[in-house]
Chemist: 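My questions will all concern the structure given below.
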Amino acid sequence: MDLKISPSVKEEITQIVGAENVLTEQEDLMCYAFDAAPGLSKHMPEIVVCAQSKEQISKLVQLAAAHKIPLYTRGGGTNLTGGALPVANGIVLSLLKMNKILEVDAENLTATVEPGVVIYELLEVLEPYGLMYPPDPGTVNTATMGGSAAENSGGLRGLKYGVTKNYVIGLEAVFADGSIARFGGKTVKNVSGYDMVSLLVGSEGTLGIITELTVKLIPIPEYRRSMLAVFDDLDKAAQAIHDIIAHKVIPATLEIMDKFTIRTVENYAKVGLPLEAEAVLLIELDGIKEAAEKEAGIVEEILKENMATEIRVAKDDAERDAIWAARRAALPALVRIKPTTILEDATVPRSKVPEMILALKEIAAKYDLTIGTFGHAGDGNLHPTILTDEADKAEMAKVEHAVDEIFQAALELGGTLSGEHGIGLAKARYLEWEFGEAGVAILHKIKTALDPDGILNPGKMTAV
């Protein structure tokens, strides 16, 4: 698979998309040799192609298939597991120029978009309709709809509203032979044939290239109540999360930040976080005003019972925005501390969050590593973030052992390798831990059936 692309094939590519949509200069190619995941493959593509239509993609795939050339589809490059990285000579296929919002169907509560649409741009277009698209990854301002579908992204609202797979109800894709097929649509119910929409969402570009998405929308909640709870003990914060869910209250958002993350964020963003706190919970209730206020009251009582030292309730939109600006600043703040940031998304059943937080503390102490913990604690999706330097080989060896133990702990608690970041390059070697040998073999069979020559994003997911 590591063959050079001939000049004649490069010329055919240029004829398909136009010279202005082909990048071959070294400085351009370097920009596509990495994504947001640190320490992974730095293999440069031979050529970057910016497609503008499904027809162009179909022709490119047919050309790639004829010459057994790997195709690495890429959106905004915000992926955290190396899912968009080339691992051998080949073509990086950028879909950023396919960025049209094709339709907002307010009557049927759907929107149809091209894969290069940035999520935040869709949210802005939907606001005048009083509608929203719930998935909101931390990189909502740069992540694309196609990339987030390929990775099955989640986000801050995942606890109440779910993740990308809960909202993609139709799609169109180009497959490994260049054929174009459409599955699903606008209907609320659709059980025709195999559920190809669900199969392709989260497949990380290994089974097909998504060229169009139809997503369901929901009304923007009429009322929101945000609060920040301060704790002098991380375990008390973790127990409060457990108790909130146990009381059948499902906040729109229930996030956690530990002491190290709090201090780092405050130093970076100056949003008024309490530097003395061991942990903070950031919580938002939404819905009909009366119901949301009732739930907020229950949450406040639970926070007090778990000895929160302070509860700050946002009085207006400005204070609410400050709370969520603090949470979204967590990763940008942490990456400034050391040259290399290893961000994981170990995910466990919600009731096991206290045990997972304890395990993270023990792993950090065992290997003498700096691990900042934040994340979507309400849905069990924690983001232990290891701050290190990939040039320090001794420490990186400890990091590797620590990551192994983080995933082992998550799986032993009934969790999963990934809640929202995907598998990509970073986690493929752990798949058998979760699925077993037979389960991984099934994944291989699906990949081989849809992409027999392995040209679509090879080396990812099942490493085929």
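The chain is numbered in sequence order, starting from 1.
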Chemist: Which pair of non-hydrogen atoms, one from Ala346 and one from Ile406, has the smallest distance, and what is that distance?
Modeler: CB-CG2, 3.8 Å
Chemist: Which value, rounded to the nearest 0.5 Å, describes the distance between Asp35 atom CG and Asn79 atom CG?
Modeler: 5.0 Å
Chemist: The criterion is salt bridge (charged side-chain N to carboxylate O under 4.0 Å, His left out); which residues satisfy it with Glu172, sequence neighbours excluded?
Modeler: Lys54, Arg182
Chemist: Report yes or no: does Asn152 contribute a side-chain atom to a donor-acceptor pair with the main-chain N or O of Val201 at less than 3.5 Å?
Modeler: no
Chemist: Is a salt bridge present between Arg327 and Glu255, judged by a nitrogen-to-oxygen distance below 4.0 Å?
Modeler: yes
Chemist: Any side-chain to backbone donor/acceptor pair from Asn190 onto Ser192? Under 3.5 Å, distance only.
Modeler: yes
Chemist: Looking at side-chain heavy atoms only, is the closest gap between Glu284 and Ile323 below 4.5 Å?
Modeler: no
Chemist: Does Asp392 reach the side chain of Thr340, with side-chain heavy atoms less than 4.5 Å apart?
Modeler: no
Chemist: Taking side chain to side chain contact (heavy atoms under 4.5 Å, CB included) as the definition, give me every residue that meets it alongside Glu310, ordered by chain and number, with sequence neighbours left out.
Modeler: Val230, Arg312
Chemist: Between Lys427 and Glu434, does any side-chain N to carboxylate O distance fall below 4.0 Å?
Modeler: no
Chemist: Is a side-chain donor or acceptor of Glu344 paired with a backbone partner of Pro384 at a separation under 3.5 angstrom?
Modeler: no
Chemist: What I'd like to find out is whether the side chain of Val87 reaches to under 4.5 Å of the side chain of Lys460, using heavy atoms alone.
Modeler: yes
Chemist: Between Glu278 and Lys236, does at least one N-O distance fall below 4.0 Å, as a salt bridge requires?
Modeler: no
Chemist: Do the side chains of Thr341 and Leu387 get nearer than 4.5 Å, heavy atoms only?
Modeler: yes
Chemist: Which pairs of donor and acceptor atoms, one on a side chain in residues 352-365, lie under 3.5 Å apart (sequence neighbours left out)?
Modeler:
none

Chemist: Under 4.5 Å between any side-chain heavy atoms of Glu420 and Glu151, yes or no?
Modeler: no
Chemist: Main chain of Gly83, side chain of Asn457: is a donor-acceptor contact present, judged purely on distance under 3.5 Å?
Modeler: yes
Chemist: Please state whether the rings of Tyr167 and Tyr133 are parallel, tilted or perpendicular, taking 30° and 60° as the class boundaries.
Modeler: perpendicular
Chemist: So, do Ser203 and Lys447 sit near enough that their side-chain heavy atoms are less than 4.5 Å apart?
Modeler: no
Chemist: Can you list the residues that meet the side chain to side chain donor-acceptor pair (under 3.5 Å) rule with Arg74, with sequence neighbours excluded?
Modeler: none
Chemist: Taking only residues two or more places apart in sequence, or in another chain, which ones meet Ser351 in a side chain to side chain contact (heavy atoms under 4.5 Å, CB included)?
Modeler: His242, Pro349
Chemist: Under the side chain to side chain contact (heavy atoms under 4.5 Å, CB included) test, which residues partner Val440, sequence neighbours left out?
Modeler: Leu431, Glu432, Phe435, His444
Chemist: Extract all donor-acceptor atom pairs below 3.5 Å that involve side chains of residues 158-166 and protein atoms in other chains or at least two apart in sequence.
Modeler:
from: Lys160; atom 1: NZ; to: Asp286; atom 2: O; distance (Å): 3.1
from: Lys160; atom 1: NZ; to: Asp286; atom 2: OD1; distance (Å): 2.6
from: Tyr161; atom 1: OH; to: Asp286; atom 2: OD1; distance (Å): 3.1
from: Tyr161; atom 1: OH; to: Asp286; atom 2: OD2; distance (Å): 2.8
from: Thr164; atom 1: OG1; to: Ser153; atom 2: N; distance (Å): 3.4
from: Thr164; atom 1: OG1; to: Ser153; atom 2: O; distance (Å): 2.7
from: Asn166; atom 1: OD1; to: Val163; atom 2: N; distance (Å): 2.7

Chemist: By side chain to side chain contact (heavy atoms under 4.5 Å, CB included), which residues pair with Glu276, not counting sequence neighbours?
Modeler: Pro274
Chemist: Once salt bridge (charged side-chain N to carboxylate O under 4.0 Å, His left out) is applied, what residue pairs with a partner in residues 366-378 remain, sequence neighbours excluded?
Modeler: Lys366-Glu405
Chemist: Write down the atom of Met396, the atom of Asp389, and the distance for their closest heavy-atom approach.
Modeler: CG-O, 3.6 Å
Chemist: Ignoring hydrogens and geometry, is there a side-chain-to-backbone donor-acceptor pair from Arg320 to Ser226 under 3.5 Å?
Modeler: no
Chemist: Answer whether the closest heavy-atom distance between the side chains of Ile256 and Leu234 falls below 4.5 Å.
Modeler: yes
Chemist: If you look only at pairs with a residue in residues 260-271, which of them pass as a side chain to side chain donor-acceptor pair (under 3.5 Å), with sequence neighbours excluded?
Modeler: Asp258-Thr261
Chemist: Could you name each residue pair satisfying side chain to side chain donor-acceptor pair (under 3.5 Å) that touches residues 140-149, not counting sequence neighbours?
Modeler: none
Chemist: Return the orientation label for the His401 and Tyr367 ring planes: parallel under 30°, perpendicular over 60°, tilted otherwise.
Modeler: parallel
Chemist: Can you list everything that forms a side chain to side chain donor-acceptor pair (under 3.5 Å) with Arg224? Sequence neighbours excluded, please.
Modeler: none
Chemist: When you compare the side chains of Thr112 and Glu212, does any donor N or O come within less than 3.5 Å of an acceptor on the partner?
Modeler: no
Chemist: Between CG of Leu450 and CG of Leu456, what distance do you get to the nearest 0.5 Å?
Modeler: 9.0 Å
Chemist: When you measure from the side chain of Thr81 to the backbone N and O of His421, does any donor-acceptor pair fall under 3.5 Å?
Modeler: yes
Chemist: Report yes or no: do Asp404 and Gln408 form a side-chain donor-acceptor pair below 3.5 Å?
Modeler: no
